[in-house]
Structure formats: C-alpha cells, structure tokens
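Chain naming here is simple, since letters A, B, ... match the order of the sequence lines and numbering starts at 1 in each. Any value given below was found using the heavy atoms of this structure, including those in side chains, with hydrogens, waters and symmetry copies removed. Fair warning: this is a prediction, and the values are worked out from it, not measured in the lab.
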Number of protein chains: 2
Amino acid sequence: MSTLKDVARQAGVSIATVSHVLNNSKAVSPGVRRRVLAAVKAVDYRRNRVARSLRTGQSYTLGLIVPDLTNPFFPELAQAVENRARALGYALLLIDASSNPQTELAGLQLLAEHGVDGVIWIPISDQLPDDLPFPVVVVDRPLANVDGVYADHHQGGVLLAQYAHKLGHRRVGLLLGPQSLASARLRREGFWQAANGKLEIVWEQEVPFSLHLPTPALELFSSQAVSLIVSASDVVAIAALRALDEAGISVPEEVSLLGFDDIPWASLVRPALSTVRQPLATMGERAVAKLLERIQNPEQVISQEVFEVELVERHSAHSLKRSRS
Amino acid sequence: MSTLKDVARQAGVSIATVSHVLNNSKAVSPGVRRRVLAAVKAVDYRRNRVARSLRTGQSYTLGLIVPDLTNPFFPELAQAVENRARALGYALLLIDASSNPQTELAGLQLLAEHGVDGVIWIPISDQLPDDLPFPVVVVDRPLANVDGVYADHHQGGVLLAQYAHKLGHRRVGLLLGPQSLASARLRREGFWQAANGKLEIVWEQEVPFSLHLPTPALELFSSQAVSLIVSASDVVAIAALRALDEAGISVPEEVSLLGFDDIPWASLVRPALSTVRQPLATMGERAVAKLLERIQNPEQVISQEVFEVELVERHSAHSLKRSRS
DNA sequence: AATGTTTGGTTAAACGTTTAACCGCCGTAG
DNA sequence: CTACGGCGGTTAAACGTTTAACCAAACATT
C-alpha cells in the first residue's frame, strides 16, 4: 500500500502538504492541490487509518455488542447501527456475546484495546463496568448512569394488559423475560399495574429470550387453564406457538397469545402474532447519533431516550366477548 | 489510558523490557518479570493495538461483509465467524451492504483503510475487485480466483429434484434465486440435471432472496397449475408460503413447497419446511480458519472447500403417490 | 588466565499520520 | 523604502508499539 510519502514524492511536495490537501487543514494553491490529487490517483493512495488513529487518538471505529445475533430481534438493530455508523464515516466492530456475560466483558475489553471511539451496547449484565476508556450508549435494556435509548417497555406492558381486558380475557398466564433485565421487569410491571383488578394472573414463568422453552413452562400450558398467554417477546411467543401446536392446543381458538417487539417474523408466522411494536431501526440510528454527540461533548449530562410503542393487532389473540354473547 | 512508558517507570525498567515480558519475545529474569507484571496491574495497563498495528503491520482485525443482516440466513453465519475470530484473537469489522453492490465496494474500501488483515465476504457482486490489499475468502457464493467455502449447491438441486420425483410430483415450478449469483445458478443446474425426463418444469421465475415476492411470481401461483414449487431459499419459500396462504391455497394439500438452507425458521413455520440443509456455522468457522491460513502463508495455492448438503424432510411437501394409489 | 558464549537488559529506529512551529515571499500600508 | 501581515509551503515532533542492534556482566571452555 502506498503512503503519504509516495504521494509526496510523486507530486514533488512535502508530505505535510499532501496531508493538508487531503484534510483541508490549510490553504493550498490550486496548482499544487491539483498535482497532489493527481498523484493520489496515480499511486492509488488510501489513507492509513491506523497511523491516523495513533496520531489523533480517534479511531473512527465504533463498537457494537449484542447478546446473540441468532435472536431475530438483534439483526435489524445491528443493521441500522452499522449503516448509520458507516454513513457517518465510522466502521463498526461487532461483538456477539453468545448470551454469556463473561464474553460480554471480554468483548468490552477487546474493544478498549482496539481503541474504539465509543460503543453501543445491548447488555446482558446488569451494570456497566467502571473505568471504561470510551463512552457507551445502552440500547433496549435500561441501565443506570449511562446514556440510553429504549422503548417504553412499561407502556408496552400496559398496552398488552388493556388489550387483554378489552378482548374480554380474565385468566392469563405470563411468560416473563429474564427478570435480571430491566426491560423484562418493566414490561411485567406495566402489565401488572394495568391488570390490577381486571385480570387474574394465574401463573408467571420466567424464561430466556430464546426459541427453546424450558420444560417447566411447557407444563404450565396444560396444567392451569388460562385463556391468554402473554409472552416476554415475539421469539418466546413463537416458541410457545410451536409448543402449543405440538401439544395439540390451537391458537387462538383454545388459547390466545400475545408477543412483544414486532420482529419481522411476527407477521410471517401463522397465526400472525398480535404484539407491540418498538421502532427498532429508529432506535438503532438514534443510538449512534447519541453516541457521537457524547463523543463530541464528553461532559454533557447523561440522558435516556424512550420511544413510544404501539399495539399491532393481528390474529393470535381472540376476543372472548363475541363468542360469549 | 496508561502506556508502556507508565508501566516501565512503575517497574523501574525500560519499555523494551516490558514489551518483552508481555510478548515473551525474549528471556527475562523472574524477578523483573514479576515486577513488570505487578506494574501492569498497578497502572491498569492495556495494550494499545493501534500502535502495535502500525508497527507490526498486523491489525488483528478481520472484516466481514454480508449482503443483508436482515435476511435470517446471515446472522447464524455472522455469529459463527465472529465467535471463531474472537477466539483466535481477532476482532471483527462488520459491513452490511444492504443488498447494494455499490455499498459492498465502498465497504471493501473502508476495510482496506482500516488495515484489516483479511476479509470474509459473502458477495453480491460477481467478481472480486483487483488489487485488494488483503486476502479474502468468499463464502456461500462461488467466485473465481479466490479462496472459498461453499455448500454443494449443485448437489442440493439434485437432492431436491430426486425428492420431488420420489414423492411422485411431475409438474413443478421453480422460484429461482438471482441468476447473477453462482449459488443460485448451481442450484438450478443441479435441479435441471436431475429433473431431466422425470420432472416437467412448467415455469421458472427469478426472485430476490427476500421476504417480498415480486408480483409476477405471485401471478404464477394461480395461472399455471403445478403440484410442487421449489424455491431458491427458505426465506423465499416462507414468502411463498405466506402468499399462498393469502391466496387461499393450502400447503401441502393443494401445492407442495420445498426450501433451501434450513435456516432455524424452516422448522418453526407451519407447515414446517422440507428443505436442504447446509452446515452454516461450520462453514463460517472454516472460513475464518481458511482466511488465517492464507494470511500466514500468502503464497499457498487458492482452494475452494465445498460442504455436503443434506435433505431434511418435514411437512411442506406431500407425496402424490399415496393419494393416487 | 584469556577467550568465547550466553544471559538479561537497554537504546533507538521505525511504522504513517497530523499538526504546531517555522520560514521565505509577495503585496500592501505607512 | 521599510515594515508587516497573510499566504503557501516545509520541518520536525509526537502518538505507543516492536524489534534489531548493542552492551555489560556472568559464565563456560581451553
């Protein structure tokens, strides 16, 4: 690869001058500028970001840590983040933590070594390690003392409960997300709060955000009759769907099902999932914007942005009212 | 962030010595080594990979370019690549090309600037730009003159045709992937070859690898009767599934459907897709291994590895024989 | 005892940028 | 005519490593 030196030699100027025309960091005469640009083409020069990083302390690289790419919730987010970052001149280092908090920490460490300017983090751990040498903005799962962008999980819970009530359900079961995650806690709280007096929560079961339901959850389906199962996320809803199907229980005729997230698959599955939508791509883009703001201005007060959620009605939940009347 | 200099001062040795203990690049007495290690802890030293890169010419960073993370075929691959790369001490720069060849090229350029040691590429373009300053290994879509790891697409096509014949189908329609992609071409060729004389290919339609079917494809479903539709990939099979559902055509009763890839969703969808499986994660891991071999030994002869595929029977394709007998 | 040889450490150059400091020159103002 | 302030360019230092070259002291070999 050719360097500034090569360009300089080719153009018959000093390397400083070349640098200045490339960065517009100083006035340079049109004649020289033209020569330099020509030389750049001639030797096929590409700036060496490594050297630049070393000198300036900026790497123009961001980090992204996701818990598990295999969970269809994350790719959409990741894509938005990557595209936005690249549009703004940043490359993106990806860490997939494989649902392992250890890995996640190691990832943070790795990103530090690589000198990223900042990282976007969808955490599994419930707190930020201290003395990180870069700013971070957390996405999806609220954490204290960090910039964050989240959906309004609490409101999502409320929406679900209201919808359940509106459909005339009374006895419901809750497939909760990991309660170590603020997002899952908030959804639960929202639901409970809005359910108060109107809905009877017959059982609650904590399950991982995964396509594989633990057997205790499976057993609940048959043991205690509920007319509606509301699940922690679309993925677990879909897992439940499959389990119910295998158990010969039909949705929504025998039991209704509600999801959360509105991942693309929610509308692809049969019956299509009624769920609550969060603006994933927007959140991803906003996260990188926020991170860059923080990088520009490290002293600004930390803030959280919460995005509105929206109920989307499809066909996995059934109204009891009509069938009763 | 503390530097070698800080560690050296703290330990009362030269920075060269510190470097040597950290890299085991020279014998150092146990006493000094202990002091250095202690100093490292004391000042919370982390190696600065940027500086190291500049000096050594190695960045310990790999690039990964995927066409579209939102297509569920890729996350699994990406995860495998990332995990394997990290396990071997490499970080991974992700580029999502958003199905745009322009973006893809820009991404390659960006990776070059960042000085990656090599890149793993799932290309949309049909050839490798020349004078890339790093080695690349191509995955999934065969390209000439590059290292590659692929599934045996041709054999997959054969398997599909044989299976179709075994089930007693005769009139079939083909939802082909973009024929600019070698993978899609090979699948088609395999199918045609094995179909020869046994199957009548009533129509062929080229569609993108996406959840959205173009309308010409939709129209085919009703216009010309076939008993089986074989699709370019699971995603398009699922798209077809939905379209058929909306058209009130039931699968597999009225028309059978076959996929390709065996993405996780293939088994989640109803009816579960019969499809051909390729060992995605294995291929991802093998790709990074191959890339590293190439980095170690730039002169080795280029090679392609093709992986066996396997038919997996589920419930989207129907035997005609029984119903006829 | 004189002469290699090994051991354990240091010095300094180099990687490719950016950027502050410097400098010569030209045009203009006093 | 002198002084002065851009203008347009160059020089050189610095970023944090790695690593070749060097060196002193300890040790082994005859």
**OP:** Examine distances only and state if a side-chain atom of Arg86(B) and a backbone atom of Tyr90(B) form a donor-acceptor pair shorter than 3.5 Å.
**Re:** no
Subject >> Closest to the Ile15(A) side chain, choosing from dT17(C), dT19(C), dT19(D) >> reply: dT17(C)
**OP:** Select base, sugar-phosphate, or nothing to describe what Thr17(A) touches, counting heavy atoms under 4.0 Å on all strands.
**Re:** base
Subject >> Ile120(A) and its side chain to side chain contact (heavy atoms under 4.5 Å, CB included) partner, picked from Val66(A), Ile65(A), Leu291(A), Leu92(A) >> reply: Leu291(A)
**OP:** Consider the side chain of Arg55(A), meaning its heavy atoms from C-beta on, and name the nucleotide among dT18(C), dT17(D), dA20(D) that approaches it most closely.
**Re:** dT18(C)
Subject >> Separation of atom CG in Leu22(B) from atom C1' in dT19(D), rounded to whole Å >> reply: 15 Å
**OP:** Could you state the atom-to-atom distance from CG of Asn23(A) to P of dG16(C) in whole Å?
**Re:** 17 Å
Original post:
What are the two closest heavy atoms between Ser25(B) and Ser19(B), and how far apart are they?
Top reply: OG-O, 4.2 Å
**OP:** Quickly work out the Gln58(B) CD to dT18(D) P distance and round it to whole Å.
**Re:** 12 Å
**OP:** Report the nucleotide, chosen from dA14(D), dT17(D), dG8(C), that has the shortest atom-to-atom distance to any side-chain atom of Ala27(B).
**Re:** dG8(C)
Subject >> Side chain Ser99(A), main chain Asp68(A), donor-acceptor under 3.5 Å >> reply: no
Original post:
Within this structure, what is the CG-to-C1' distance between Leu4(A) and dT17(C), rounded to whole angstrom?
Top reply: 6 Å
Subject >> Whole-Å gap separating P (dG16(C)) and NE2 (His114(B)) >> reply: 17 Å
Original post:
Is there a donor on the side chain of Arg52(B) or the base of dT17(D) sitting less than 3.5 Å from an acceptor on the other?
Top reply: no
Exercise answer: donor-acceptor pairs, residues 130-145 of chain B side-chain atoms, under 3.5 Å, sequence neighbours excluded:
residue: Arg141(B); atom: NH1; partner: Pro123(B); partner atom: O; Å: 2.8

**OP:** Give Ser14(B) one of three labels, base, sugar-phosphate or nothing, depending on what nucleic acid heavy atoms sit under 4.0 Å from its own.
**Re:** base
Subject >> Rounded distance in Å - NE2 (His20(A)) to P (dG8(D)) >> reply: 13 Å
Subject >> Sugar-phosphate only, base, or nothing, as touched by Val50(B) at under 4.0 Å among non-hydrogen atoms >> reply: nothing
**OP:** Look at all strands and tell whether Ser19(B) reaches a base, only sugar-phosphate, or nothing, counting heavy atoms closer than 4.0 Å.
**Re:** base
Original post:
Pick the nucleotide of DNA chain C nearest each of Asn48(A) and Pro30(B); which residue has the one closer to the 5' end?
Top reply: Pro30(B)
Original post:
Counting just side-chain N and O atoms, does Tyr60(B) come under 4.0 Å of either OP1 or OP2 of dT17(D)?
Top reply: no
**OP:** Report the nucleotide, chosen from dC15(C), dT17(D), dA12(D), that has the shortest atom-to-atom distance to any side-chain atom of Leu54(B).
**Re:** dC15(C)
Original post:
Atom CZ of Arg35(B) and atom C1' of dG8(C): how far apart are they, to the nearest Å?
Top reply: 12 Å
**OP:** Would you kindly give the NZ-to-P distance between Lys5(A) and dT10(D), to the nearest whole Å?
**Re:** 16 Å
